[in-house]
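These notes are about the structure you will find just below.
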Amino acid sequence: MIAALWAAFRRDVMQAWRRRADWLTTFFFFIIVVSLFPLGVGPEPEMLKTMAPGILWVAALLAAMLSLPRVFGTDYADGSLEQLALAPQPLSMLVLSQVTAHWLLSGVPLALMAPVLGLQFGLAPDLLGILLGTLLLGTPCLSLIGAVGAALTLGVRGGGVLVALLVLPLYIPVLIFGAGAVEATASGAGASGHLSLLGACLCVALVTGPLAAAAALRVALE
């Protein structure tokens, strides 16, 4: 089964790489949104430093959500998804490989770029490190939760808007704990509590997300 899952993962990564313009759109959307905030709220350094964790996290959340329709959309359109559903391997494991590919191509670049963008807000090096850590913990949650929404709206007209309505409320705890960890570090309170809760969110999403997405995909394919 491991060989089959590895083959599915490689296929998902290669397919996504061939459509890298779509993923670069998500990446540049993140950069543009973060860069527009200083122009909109003003150049006051202390205010920008205070708002930076929330701005970077909200921008990463929106950018990750922008790419969700592509998690299953291509396979659904060309019929590959039906073949995957008939494969002897558990569909939830195949979903997990697709979500992992989605995270590697969208979440990881956003997490690595965030500290660079954080420099324009004047964040200290220790805060940039915490920001990177929270995004590396939180972006897999965004992909796992988002995959459930993408599966529920698969083939539905206006699915992009429905995905946003479904997953945004579920993203709120991740956003609070992720941005809160940076703010707590800045205030001297320490980020261990927020990081622990963020890790708990990841564990719950890792266990329940692929199962829920697989169930939703079977309903969509019927």
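If you're wondering where the values come from, they're calculated on a predicted model, not measured in any experiment.
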- Message: Go through it in stages, so that I can follow the logic: the residues are Met113 and Val116, the test is side-chain contact (heavy atoms from CB on, under 4.5 Å), and I'd like the CA-CA distance, side-chain angles, deciding distance and then a yes or no.
- Response: CA-CA 5 Å; Met113 191 63 196; Val116 179; 4.1 Å; yes
- Passes side-chain contact (heavy atoms from CB on, under 4.5 Å), Leu96 versus Leu206? Steps please. CA-CA 8 Å; Leu96 182 59; Leu206 194 60; 4.0 Å; yes
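The closest donor-acceptor contact from the side chain of Tyr171 to the backbone of Leu142 lies under 3.5 Å.
A continuous path of hydrophobic side-chain contacts links Val167 to Ile172 [ILVMFWY only; heavy atoms under 4.5 Å]. Using a 4.5 Å cut-off between side-chain heavy atoms of Ile, Leu, Val, Met, Phe, Trp and Tyr, with links allowed through other members, Phe37 and Phe28 fall into the same hydrophobic cluster. Leu36 and Leu119 end up in different hydrophobic clusters when Ile, Leu, Val, Met, Phe, Trp and Tyr side chains are linked at under 4.5 Å. Hydrophobic clustering (ILVMFWY, side-chain heavy atoms < 4.5 Å, transitive): Met65 and Leu170 are in one cluster. Residues Ile31 and Leu24 are members of one and the same hydrophobic cluster, defined by side-chain heavy-atom contacts under 4.5 angstrom among Ile, Leu, Val, Met, Phe, Trp and Tyr.
Under the 4.5 Å side-chain criterion, counting only non-hydrogen atoms from C-beta, Leu202 is in contact with Leu144. The shortest distance between side-chain heavy atoms of Gln98 and Asp75 falls below 4.5 Å. Side-chain contact between Glu44 and Lys49 is absent, with no heavy-atom pair separated by less than 4.5 Å. Contact annotation: the side chain of His194 never approaches that of Thr134 to less than 4.5 Å [non-hydrogen atoms, C-beta and beyond]. Tyr76 places none of its side-chain heavy atoms less than 4.5 Å from the side chain of Leu217. Between Leu56 and Leu135, every side-chain heavy-atom pair lies at or beyond the 4.5 Å cut-off. Side-chain contact between Thr139 and Val108: absent, with no pair of heavy atoms (C-beta onward) separated by less than 4.5 Å.
Taken from CZ in Phe121 to CG in Leu127, the straight-line distance is 13.5 Å, to the nearest 0.5 Å. Expressed to the nearest 0.5 Å, how far CG of Leu62 lies from CH2 of Trp57 amounts to 12.0 Å. Taking CG from Leu136 and CG from Leu110, the interatomic distance works out to 10.5 Å, rounded to the nearest 0.5 Å. Atoms CG and OG1, on Leu66 and Thr26 in that order, are 5.0 Å from each other to the nearest 0.5 Å. Note: Leu61 CG to Leu175 CG = 6.0 Å, rounded to the nearest 0.5 Å. If you take CZ on Phe29 and OG on Ser67, they are separated by 10.5 Å, rounding to the nearest 0.5 Å.
Shortest non-hydrogen contact noted between Leu48 and Pro38 is CD2-CA, 3.9 Å. The minimum heavy-atom distance linking Ala191 with Thr185 is given by the pair CB-OG1, 3.3 Å. Residues Pro109 and Phe27 share a closest heavy-atom pair of O-CE1, 3.6 Å. Heavy-atom minimum distance, Phe72 versus Ala147: CE1-O, 3.3 Å. Pairing each heavy atom of Ala87 with each of Leu94, the nearest pair is CB-CD1, 4.3 Å. Pro173 and Pro169 get closest at one heavy-atom pair: CD-O, 3.9 Å.
Considering Ile130, Leu117, Leu128 as possible partners of Leu123, the one that fulfils the side chain to side chain contact (heavy atoms under 4.5 Å, CB included) test is Leu128. Just one residue in the list Thr153, Val163, Ile145 forms a side chain to side chain contact (heavy atoms under 4.5 Å, CB included) with Leu68, and that residue is Val163.
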